[in-house]
Amino acid sequence: MLDRGMRLAMLALAVLAAACDPGGFGPKPTPTDAESPPNASVVPQLDDPLANARDGGLGPTARRDGGDLDAGVVVPEPLPLTGPLGVAQVLAPGQVGVVLEAVWRHRGVAPAVSVPESRPPGIKAVAEAMDGRMRLSLSQLGGMRLDVLEPGTTLRPGSALLGRDDRYGFVLVWPPPLRYRVVPTGAMRALLGEGRVDVSPTSAGEEQPGAQGELLGLPTRAVTVETPTGQVVLELAELPDAGKGAVPLCRLLVDLVGALPTTHACQESAVPLRGTFRWSAGDERVEGLAFEVTSLTRQVDLLSEDLRLPPAGALHQTSGAPSETGQLAPAKLLAELRSAPVAPPANDKGERAEVVTAVNNSDDLRFLWLDGAPVASLPAWSKLSLDGVIPGHYRIEWRGFLGTAAGEASEADLPAELIFGAPREAEGEDGQGAK
């Protein structure tokens, strides 16, 4: 047996060891900011700017398989379709990301007619002004904002689309006053094609890897996503600065062909620099338009307010969209198509038309193209008068925005009445072309 002195000495040593061990019994030391190591916890806290930046007023960040915030794969949830989105929280003051400039390229467009008074510089200027130029901001944290800068699409300049990697669907924003509505998965084709939010069927789609290439000096890899609606060939560049913000942009493009947002083609940092579309037409594929990035810039201070979802102060809408219809090209710009007027021939009664009138006798929104440029957008069963067209001989074409030609291109002496489709009382007849 140990004597009394030995037992007392051992007890004293045990007490001393416990006092030195924060995990032992007795009072615990109070932690301070100086004592806490950086990244002490991988669980975002409420006052963590990264956590707030991920919140955006939509409630909890997307759930994770397994129910543990620290483990499992993030499973995005659809944006709610009923009621307004939650109030946006205070976000991080600046975020790292990339800013892209992009346009829509239309393929298979009929060229300008060849006449002496044709002005190639003016024709080029009209085409460039009507290419639907847009600016895309992609945040490493997963936010995306697409701003429509110029006419030429179904969306009015000044409108925007917002998306996040941890939510399925998008938010459409437009002024004035500032409004927003949810665009669910499957509705992007109707929004960009017709200017309305209608949901079409979606499918998983088939994915096929393609060749490697180069765009904007960056290496790319191609991935084809194909569905019954059509196919899109994505040319992807790895941009770590874009981070998770690359995902919603990819989803927007694949949604146009009716592919589910779960496609493996949409990955973190994989930014689509080009998306080339082909549409199903029976057993064939016909050329559609193409999405093309023309420039990119790394940003270290993306404004969180621009990526906030929903935007601060925006009014919730359950219907409507900022569709752009009517004359798209200003009269001054249209006048640049020709160097001098050429009076059109008179009709049998010796009369000459004085106004260019466009008529859309169909159930779909159609764009009127003059000499290879979209100059007007006409909703179903509508008509308008064009200002600024110099009298002369022109190439005429009616097209849908997504790139499908609506009938054969023709030529016409303007001013004249340009009609697409047949009147309601003669719907079985072929009324396309110029009259």
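Remember, it's a predicted structure, so these values are computed and weren't measured experimentally.
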Point to revise | Exam field: side chain Thr227 to backbone Ala259, donor-acceptor pair closer than 3.5 Å | key: no

**Study point:** Donor-acceptor pair, side chain of Trp381 and main chain of Ser362, under 3.5 angstrom
**Key:** yes

Exercise for review: Output the distance between atom CD (Glu150) and atom CD (Glu128), rounded to the nearest 0.5 Å.
Suggested key: 9.5 Å

**Study point:** Pairs where residues 116-167 contributes a residue and the test ring-ring contact (aromatic ring centres under 6.0 Å, His included) is met, not counting sequence neighbours
**Key:** none

Review point. So, Thr154 side chain and Ser323 main chain: donor-acceptor pair closer than 3.5 Å or not?
Key: no

Review point. Under the salt bridge (charged side-chain N to carboxylate O under 4.0 Å, His left out) rule, what pairs show up with a residue in residues 206-221, not counting sequence neighbours?
Key: Arg221-Glu238

Practice item. Please check if any side-chain donor atom of Arg285 sits under 3.5 Å from a side-chain acceptor atom of Ser280, or the reverse. Key: yes

Review point. Side-chain contact, heavy-atom cut-off 4.5 Å: Leu309 with Leu79?
Key: yes

Practice item. Output, in order, the C-alpha distance, side-chain angles, deciding distance and verdict of side chain to side chain contact (heavy atoms under 4.5 Å, CB included) for Leu368 and Trp398. Key: CA-CA 5 Å; Leu368 173 64; Trp398 293 90; 4.0 Å; yes

Practice item. Grab the two heavy atoms, one from Leu365 and one from Glu194, that are nearest each other, plus how far apart they are. Key: N-OE1, 2.9 Å

Review point. Quick one: does Asp131's side chain have a donor or acceptor within less than 3.5 Å of a partner on Val103's backbone?
Key: no

Exercise for review: Kindly indicate whether the side chain of Gln140, heavy atoms from C-beta on, has any atom under 4.5 Å from the side chain of Gln95.
Suggested key: no

Check your understanding: Hey, does Leu155 have a side-chain heavy atom less than 4.5 Å from the side chain of Leu191?
Key -> yes

Review point. Does any N or O in the side chain of Arg181 come within less than 3.5 Å of the main-chain N or O of Thr318, such that one atom is a donor and the other an acceptor?
Key: yes

Point to revise | Option from Ile123, Val113, Val356, Val375 for which side-chain contact (heavy atoms from CB on, under 4.5 Å) with Leu370 holds | key: Val375

Revision key, fill the gap. Value for CZ (Arg107) from CD (Glu287), rounded to nearest 0.5 Å, stands at 4.5 Å

Study note, to complete from the structure: Nearest heavy-atom contact between Ala373 and Val126 is CB-CG1, 3.6 Å

Point to revise | Flag, side chain of Thr185 to backbone of Tyr168, donor-acceptor distance under 3.5 Å | key: no

Revision key, fill the gap. One should read off an interatomic distance between His393 NE2 and Asp413 CG, to the nearest 0.5 angstrom, of 5.5 Å

Review point. What's the verdict on side chain to side chain contact (heavy atoms under 4.5 Å, CB included) for Val257 and Phe277, showing C-alpha distance, side-chain angles and the deciding distance?
Key: CA-CA 8 Å; Val257 296; Phe277 295 85; 3.7 Å; yes

Review point. Is the backbone of Ala329 close enough, under 3.5 Å, to the side chain of Gln327 for a donor and an acceptor to pair up by distance?
Key: yes

Check your understanding: Is the Phe291 ring parallel, tilted or perpendicular to the Trp104 ring (thresholds 30°, 60°)?
Key -> perpendicular

Exercise for review: Might you work through the ring-ring contact (aromatic ring centres under 6.0 Å, His included) test for Phe367 and Trp369, ending with a clear yes or no?
Suggested key: CA-CA 6 Å; Phe367 283 77; Trp369 290 60; 7.7 Å; no

Revision key, fill the gap. Closest non-hydrogen atoms of Pro248 and Gly142, given as atom of the first, atom of the second and distance, are CG-O, 3.8 Å

Check your understanding: Any salt bridge between Asp371 and Arg338, counting N to O under 4.0 Å?
Key -> yes

Check your understanding: Should Asn361 and Ile419 be marked as a side chain to side chain contact (heavy atoms under 4.5 Å, CB included) after you check the CA-CA gap, both sets of side-chain angles, and the distance that decides it?
Key -> CA-CA 7 Å; Asn361 289 334; Ile419 301 176; 3.6 Å; yes

Study note, to complete from the structure: Between Ala270 and Leu236 the two heavy atoms that sit nearest each other are O-CD2, 4.0 Å

Review point. Which atoms form the tightest heavy-atom contact between Ala187 and Asp255, and what is the distance?
Key: N-OD2, 3.6 Å

Exercise for review: Can you measure from CH2 (Trp279) to CG (Leu289) and round to the nearest 0.5 angstrom?
Suggested key: 6.5 Å

Check your understanding: Would you say Val223 and His264 make side-chain contact, with heavy atoms under 4.5 Å?
Key -> no

Check your understanding: Does anything in residues 267-278 pair up under side chain to side chain donor-acceptor pair (under 3.5 Å), and if so which pairs, sequence neighbours excluded?
Key -> Glu235-Arg274

Exercise for review: Determine whether more than 12 heavy atoms belonging to other residues, nucleotides or ligands lie under 6.0 Å from atom CZ of Arg135.
Suggested key: no

Exercise for review: Answer yes or no: is there a side-chain heavy-atom contact under 4.5 Å between Leu337 and Tyr394?
Suggested key: yes

Practice item. Find the distance between OG (Ser137) and CG (Asp147) and round it off to the nearest 0.5 Å. Key: 6.5 Å

Check your understanding: Just by modelled atom types, is the Val233 backbone N or O under 3.5 Å from a matching donor or acceptor in the Thr224 side chain?
Key -> no

Study note, to complete from the structure: Scanning both residues in full, the closest heavy-atom pair of Ala246 with Pro272 reads O-CD, 4.4 Å

Point to revise | Leu100 vs Val271 side-chain heavy atoms within contact, under 4.5 Å | key: yes

Point to revise | Rounded distance [0.5 Å steps], OG1 in Thr297 versus CG in Asp241 | key: 11.0 Å

Check your understanding: Hey, does Leu302 have a side-chain heavy atom less than 4.5 Å from the side chain of Arg145?
Key -> no

Practice item. Please check if the side chain of Tyr180 supplies one atom and the backbone of Leu85 the other of a donor-acceptor pair under 3.5 Å. Key: yes

Practice item. Using atom types as modelled and distance alone, determine if a side-chain donor or acceptor of Glu397 lies under 3.5 Å from a backbone N or O of Ala110. Key: yes

Check your understanding: Is there a side-chain contact between Val232 and Leu256, using heavy atoms and a 4.5 Å cut-off?
Key -> no

Exercise for review: Verify side chain to side chain contact (heavy atoms under 4.5 Å, CB included) between Leu218 and Leu239, making sure each step is shown before the conclusion.
Suggested key: CA-CA 9 Å; Leu218 298 171; Leu239 297 176; 3.8 Å; yes

